[in-house]
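This structure is in structure tokens; I'll ask about it shortly.
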Number of protein chains: 2
Amino acid sequence: MKASPRPYHHGNLREALLEAAARALETGGVGSLTLRELSRELGVSHTSPRRHFADKQALLDALAVRGFERLDAVMARAAKDRGEDFNARLTRLARAYVGFALKHPAWFGLMFEAKHRADAPPVLLDASDGAFAHPPAVFAQGQAAGEVVVGDPARLSLGAMAAVHGLLSISTNGQFKGIPLDRLVAEIIERLVWGLRPRE
Amino acid sequence: MKASPRPYHHGNLREALLEAAARALETGGVGSLTLRELSRELGVSHTSPRRHFADKQALLDALAVRGFERLDAVMARAAKDRGEDFNARLTRLARAYVGFALKHPAWFGLMFEAKHRADAPPVLLDASDGAFAHPPAVFAQGQAAGEVVVGDPARLSLGAMAAVHGLLSISTNGQFKGIPLDRLVAEIIERLVWGLRPRE
DNA sequence: GCAGTATGTTTCCTTTGACAACATTGTTTC
DNA sequence: GAAACAATGTTGTCAAAGGAAACATACTGC
């Protein structure tokens, strides 16, 4: 009678796979992520992931959803009203976004790659929408305070978030031509905020 | 004596591989690109690509360089001075950028993915820098004409290009929430240009 | 306690990238 | 102009990966 060297059922393989996948992603990028390696890591046969994910892409999609959920949480915290002016609040939001991207570059890349696939599952798009729902809220409040020009907040915030996201894509290694992203973000946001001021 | 059913040497395999790879990229995305399939297509043994590219990544990098060169050409044409004002010129440049990205989505994606790899070859970074050298030139001219606030043109143009690029990343299928990118680009550029006006 | 289902395993197949040893063609040098 | 040599392509082989089918074990509801 052995002390259960390894139970037949893992218990929570789906979760464990996602966690291990996230770890692998951070360590060696998406290229180093193989179902077989994950299985080995979890001490499970190499076909067991198939019980939880139809194929590798399904796992990656699930991971992308998780990513957007985490990003959503980060954004929600950063978007909280603390009595600052619009510029400060938007800058904090942008910095949170950039911070997440720089902390989890491979994951961040995966999220948008997954989202751009023609057959991206609806849950993924929903998760993405969720994370991107915070900037418009900040803009709406800015409008209410008379700090921002009138117009659809979603449309206005799109430009700002696009600039921040694009900065990430164009930059390399957290900087652009030697200037750290953090500084560039603040600069760009300030210029944007200036352009968004109501023209009396 | 046979009419050379197939010559032993291909003659220009390196070029042919890059062209076939570009075609495969457009058809089925980067996932459908395999060295063996390329070889089959060109009627060549499955190991011959190794004579020209150390490994698959080297071929992808070369393809990315080609992409930046084409983007450079597109940008150069769009950045040409035609006597318009700054807003019109910047809008044309931005539209050219977006046009390229939407026309070759997989290629475009590959270009930036390759560029973001930690061990990206210098040629790649140079090619990228080349394509991104046009916006600063347009900004500099805008400054000379008194249409743009003073400051480092490279730094100022970065914000604009970041916004355009980010718009591409955030959008899906050439639109965002049903609004076509072309319209959003014009909108965002106009707002940016407004914010960039010299404050007298 | 028993039937049915969920979950994990074994075994096998095909494709892929990479490597080594070899064959053919093109080029340079004397 | 022929012999060495370099460049280019081929054959054969391997290990690793994703995926599929058939089977084994554990859990659940009745």
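Letters go in sequence order (proteins before strands), and every chain restarts at 1. Because the structure is a prediction, the values reported are computed rather than measured.
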Between B/R23 and B/E26, does at least one N-O distance fall below 4.0 Å, as a salt bridge requires?
-> no

Validation: residues 120-130 of chain A side-chain donor-acceptor distances under 3.5 Å, sequence neighbours left out:
| from | atom 1 | to | atom 2 | distance (Å) |
| --- | --- | --- | --- | --- |
| A/S128 | OG | A/K115 | NZ | 3.2 |

With sequence neighbours excluded, residues passing side-chain hydrogen bond (donor to acceptor under 3.5 Å, both in side chains) with B/E190 | none

To the nearest angstrom, how far is B/R51 atom CZ from D/dT11 atom P?
-> 14 Å

Qualifying residues under side-chain hydrogen bond (donor to acceptor under 3.5 Å, both in side chains), relative to A/N12, sequence neighbours excluded = none

Write down the distance between CZ (A/F53) and C1' (D/dG18), rounded to a whole number of angstrom.
-> 16 Å

Mind calculating the distance between CG (A/L13) and C1' (C/dT9) to the nearest angstrom?
-> 12 Å

note: B/L60, atom CG; C/dG17, atom C1'; distance rounded to Å ~ 12 Å

Residues in contact with DNA chain D, drawn from residues 15-22 of chain B - heavy-atom cutoff 4.0 Å = none

Show the distances under 3.5 angstrom between N or O atoms of the protein and N or O atoms of nucleotides 12-16 of chain C.
| from | atom 1 | to | atom 2 | distance (Å) |
| --- | --- | --- | --- | --- |
| C/dT16 | OP2 | B/R40 | NH2 | 3.2 |

To the nearest angstrom, how far is B/H52 atom NE2 from D/dT10 atom C1'?
-> 13 Å

Taking only residues at least two apart or on different chains, which pairs with a member in residues 53-66 of chain A satisfy salt bridge (charged side-chain N to carboxylate O under 4.0 Å, His left out)?
-> A/E15-A/R66, A/D61-A/R117

Among the clusters formed by ILVMFWY side chains lying less than 4.5 Å apart, do B/L102 and A/L158 turn up in the same one?
-> yes

What's the CG-P distance between A/L38 and D/dA17, to the nearest Å?
-> 10 Å

Does A/F53 have any ring-ring contact (aromatic ring centres under 6.0 Å, His included) partners at least two apart in sequence or in another chain, and if so, which?
-> none

By side-chain hydrogen bond (donor to acceptor under 3.5 Å, both in side chains) - contacts of A/R92 (at least two apart) = A/E84

Phosphate oxygens OP1/OP2 of C/dT9: is one of them under 4.0 Å from a side-chain N or O of A/S48?
-> yes

For A/S157, check side-chain hydrogen bond (donor to acceptor under 3.5 Å, both in side chains) against everything at least two apart and list the hits.
-> none

Take atom CG of A/D55 and atom C1' of D/dA17, then tell me their distance rounded to the nearest Å.
-> 14 Å

To the nearest angstrom, the CZ-P distance between B/R50 and C/dC22 comes to 17 Å

